[in-house]
Amino acid sequence: MRSFQLQLRYEPHLLSPVHRNSLRRRRISCRSMAAPSPPPVVNPVCISYAHLKDRQKDLSRKIEEGFGPQGLGIISISDVPDYLLLRKRLLHLAPRVANLSDDAKRKLEDPDSRYNFGWSHGKEKLESGKPDSFKGSFYANPILDIPTKDPELMYRYPSFCRPNKWPTDNLPELEGAFKTLGKLIFDVGLMLAHHCDRYAIHGDSTNKNEGLEQTLKNSRCHKGRLLYYFPRPISEYKEVTESKSSWCGWHTDFGSLTGLTCGLFMRNYEGVPCPDSSAGLYIKTRNKSIVKVEFGEHELAYQIGETTEILYSGRFVATPHCVKAPSGENAFGIERCTFAMFMQPDWDEKLKFPEKIMHHQELIPPNGTLTFGDYSELLHNKYY
């Protein structure tokens with residue numbers, strides 16, 4: 001088992017020039033004139049797939065702008081072969097999963113994994129502590145159907161070590177679509193991890209870890225999550241909500257790297273434009289500013305997770321983010337579908353925490369050491 005040291009730096013900063021240049025003017029309607037100014041809209045740093053797959057290409061400037069201490073913790077990759085088709089194929093299945101019969105969904109639930117395999121709805125806690133009924137999720141490991149057969153490990157780390165559950169009888173096409181997109185996001189993520197390693201290790205002779213790319217290659221803990229955000233209740237859709245976290249609360253990802261598709265808005269199983277320009281992904285910067293982040297359906301985005309901060313002593317930064325639901329009359333019946341691929345260390349990877357802890361201070365002892373499996377179980381205790 002390997003040990004990583006984290007020494008986070010706390011430096012106030014503003015948005016980097018690339019983010020300031022990406023701010024776009026927004027037209028404010030008469031109804032919102034008296035309301036506070038909306039957060040600025042930014043586009044993430046974008047890298048073309050052609051450049052990403054070139055292992056000798058120097059992408060250090062873009063890696064630092066996107067993932068470094070002054071970045072938003074997100075980078076998008078454009079023009080990934082077959083991505084558009086695979087994204088559409090899987091996301092269109094999300095409402096079909098959510099609308100399976102109650103009996104079929106019960107058979108897909110896995111309580112022993114804390115509902116981290118198969119179907120999950122209303123099991124995760126919101127910021128308020130109430131069950132999250134706004135979205136349903138289907139979880140699976142798209143790389144390994146059976147990560148281990150060791151019963152002791154399955155008991156100790158059930159959210160990673162239990163086998164996948166697929167709706168073979170009710171929706172057989174889900175397994176292939178889920179695995180194909182998940183594997184593509186994983187492979188592209190490894191390319192991005194390689195360039196993160198080149199940037200972070202360059203000139204740092206003291207860094208002895210094996211690097212993010214190899215850590216992820218060695219892991220059996222990767223997890224895909226197909227998300228379906230239910231339409232808001234009819235009693236709420238006319239209300240204009242100011243809450244940025246009305247569909248998904250503020251959080252940071254505790255893994256290493258999260259691959260994320262652009263959300264698909266739907267009504268009655270058909271794709272539609274988003275009816276509310278304020279809806280979508282929001283990120284909180286290191287200086288506590290809030291920005292709305294937009295990337296196109298042809299782009300595949302990656303966000304930095306907490307354990308990458310540990311791996312590289314704070315050179316990369318995980319940022320809190322949330323999702324705002326659309327509101328207004330045109331939002332009636334609107335649902336949102338997306339897919340997240342959580343690329344994570346293996347359950348026995350050792351994480352060494354600093355004296356000053358950036359995330360989950362109430363759970364982690366200063367200067368403590370935990371395996372990634374134990375760390376994640378503490379967080380599941382908090383949120384489930």
Side-chain angles (χ1 to χ4, degrees), residues 86-111 113-126 130-142 159 162 164-182 185 223-237 245-249 251 258-276 279-281 297 322-327 330-342 383-384:
L86 296 180
R87 169 186 173 270
K88 180 179 179 180
R89 178 185 170 197
L90 178 60
L91 296 193
H92 276 267
L93 293 176
R96 294 181 60 187
V97 176
N99 286 295
L100 290 173
S101 69
D102 290 342
D103 183 60
K105 285 186 287 191
R106 272 193 297 270
K107 291 178 181 178
L108 290 174
E109 291 180 340
D110 186 9
S113 71
R114 306 191 193 197
Y115 300 91
N116 273 264
F117 283 96
W119 174 250
S120 175
H121 179 222
K123 310 302 179 183
E124 192 174 355
K125 295 177 185 176
L126 294 168
K130 296 180 180 179
D132 180 5
S133 60
F134 296 131
K135 61 183 178 292
S137 301
F138 184 86
Y139 292 96
N141 183 334
S159 59
R162 291 181 61 78
N164 287 332
K165 297 173 75 75
W166 299 106
T168 307
D169 296 330
N170 303 100
L171 196 61
E173 58 267 46
L174 177 65
E175 180 177 355
F178 194 107
K179 287 181 175 179
T180 306
L181 180 59
I185 296 176
K223 183 70 66 70
R225 182 181 188 182
L226 180 61
L227 291 124
Y228 174 78
Y229 295 82
F230 290 91
R232 298 175 68 202
I234 192 168
S235 60
E236 298 180 8
Y237 77 90
S245 57
S246 51
W247 244 349
C248 180
H251 68 284
T258 301
L260 185 66
T261 69
C262 177
L264 173 66
F265 290 87
M266 302 181 73
R267 181 186 279 124
N268 298 325
Y269 294 94
E270 296 293 331
V272 297
C274 177
D276 179 1
L281 175 67
E297 64 178 20
C322 69
V323 179
K324 183 184 179 189
S327 58
N330 292 332
F332 177 61
I334 290 292
E335 52 205 357
R336 181 178 183 265
C337 311
T338 191
F339 179 75
M341 176 65 184
F342 301 103
Y383 293 113
Y384 288 86

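Ring centroid separation for the pair Tyr228 and Phe138 does not come in under the 6.0 Å cut-off.
The two residues Ala140 and Trp166 make their nearest non-hydrogen contact at CB-CH2, 3.5 Å. The heavy-atom pair separating Leu227 from Ala94 by the smallest distance is O-CB, 4.1 Å. Across every non-hydrogen atom of Pro275 and Pro326, the tightest pair is CG-CB, 4.0 Å. Closest of all the heavy-atom pairs between Pro95 and Asn99 is O-ND2, 2.7 Å. Across Glu335 and Asn268, no two heavy atoms sit closer than the pair OE2-N, 3.8 Å.
Atom CG of residue Leu260 and atom CG of residue Leu281 lie 7.0 Å apart, to the nearest 0.5 angstrom. Leu90 contributes atom CG, which lies 11.0 Å from atom CD of Glu173 (distance to the nearest 0.5 angstrom). From Tyr139, atom OH reaches atom OH of Tyr115 across 12.5 Å, with rounding to the nearest 0.5 Å. In this structure, CG on Leu86 lies 9.0 Å from CD1 on Ile185, to the nearest 0.5 angstrom. Annotation: the span from Leu108 atom CG to His121 atom NE2 amounts to 14.5 Å, rounded to 0.5 Å. Taking SG of Cys274 as the reference point, atom CG of Asn330 lies at 10.5 Å (rounded to 0.5 Å).
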So Arg225 and Ser137, side-chain hydrogen bond (donor to acceptor under 3.5 Å, both in side chains) or not? Walk me through it. CA-CA 6 Å; Arg225 182 181 188 182; Ser137 301; 2.8 Å; yes

Is there a side-chain contact (heavy atoms from CB on, under 4.5 Å) between Arg87 and Cys262 once you walk through the steps? CA-CA 9 Å; Arg87 169 186 173 270; Cys262 177; 4.2 Å; yes

As a quick check of understanding, evaluate side-chain contact (heavy atoms from CB on, under 4.5 Å) for Asn170 and Val97, giving each step before the final call. CA-CA 9 Å; Asn170 303 100; Val97 176; over 6 Å; no

May I have the step-by-step check of side-chain contact (heavy atoms from CB on, under 4.5 Å) for Asn164 and Phe178, ending in yes or no? CA-CA 12 Å; Asn164 287 332; Phe178 194 107; over 6 Å; no

Residues Lys107, Asp103; criterion salt bridge (charged side-chain N to carboxylate O under 4.0 Å, His left out); working and verdict: CA-CA 6 Å; Lys107 291 178 181 178; Asp103 183 60; 3.6 Å; yes

Given side-chain contact (heavy atoms from CB on, under 4.5 Å), test Arg89 with Thr180 step by step and report yes or no. CA-CA 10 Å; Arg89 178 185 170 197; Thr180 306; 4.1 Å; yes

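Under a 3.5 Å cut-off, the side chain of Arg96 and the backbone N or O of Leu174 do not form any donor-acceptor pair. Side-chain N or O atoms of Lys123 include none that pairs as donor or acceptor with a backbone N or O of Pro111 at under 3.5 Å. For the pair Arg267 (side chain) and Phe332 (backbone), a donor-acceptor distance under 3.5 Å is present. At least one donor-acceptor pair closer than 3.5 Å links the side chain of Thr338 to the backbone N or O of Thr261.
By the 4.5 Å heavy-atom criterion applied to side chains, Lys165 and Trp119 are not counted as neighbours.
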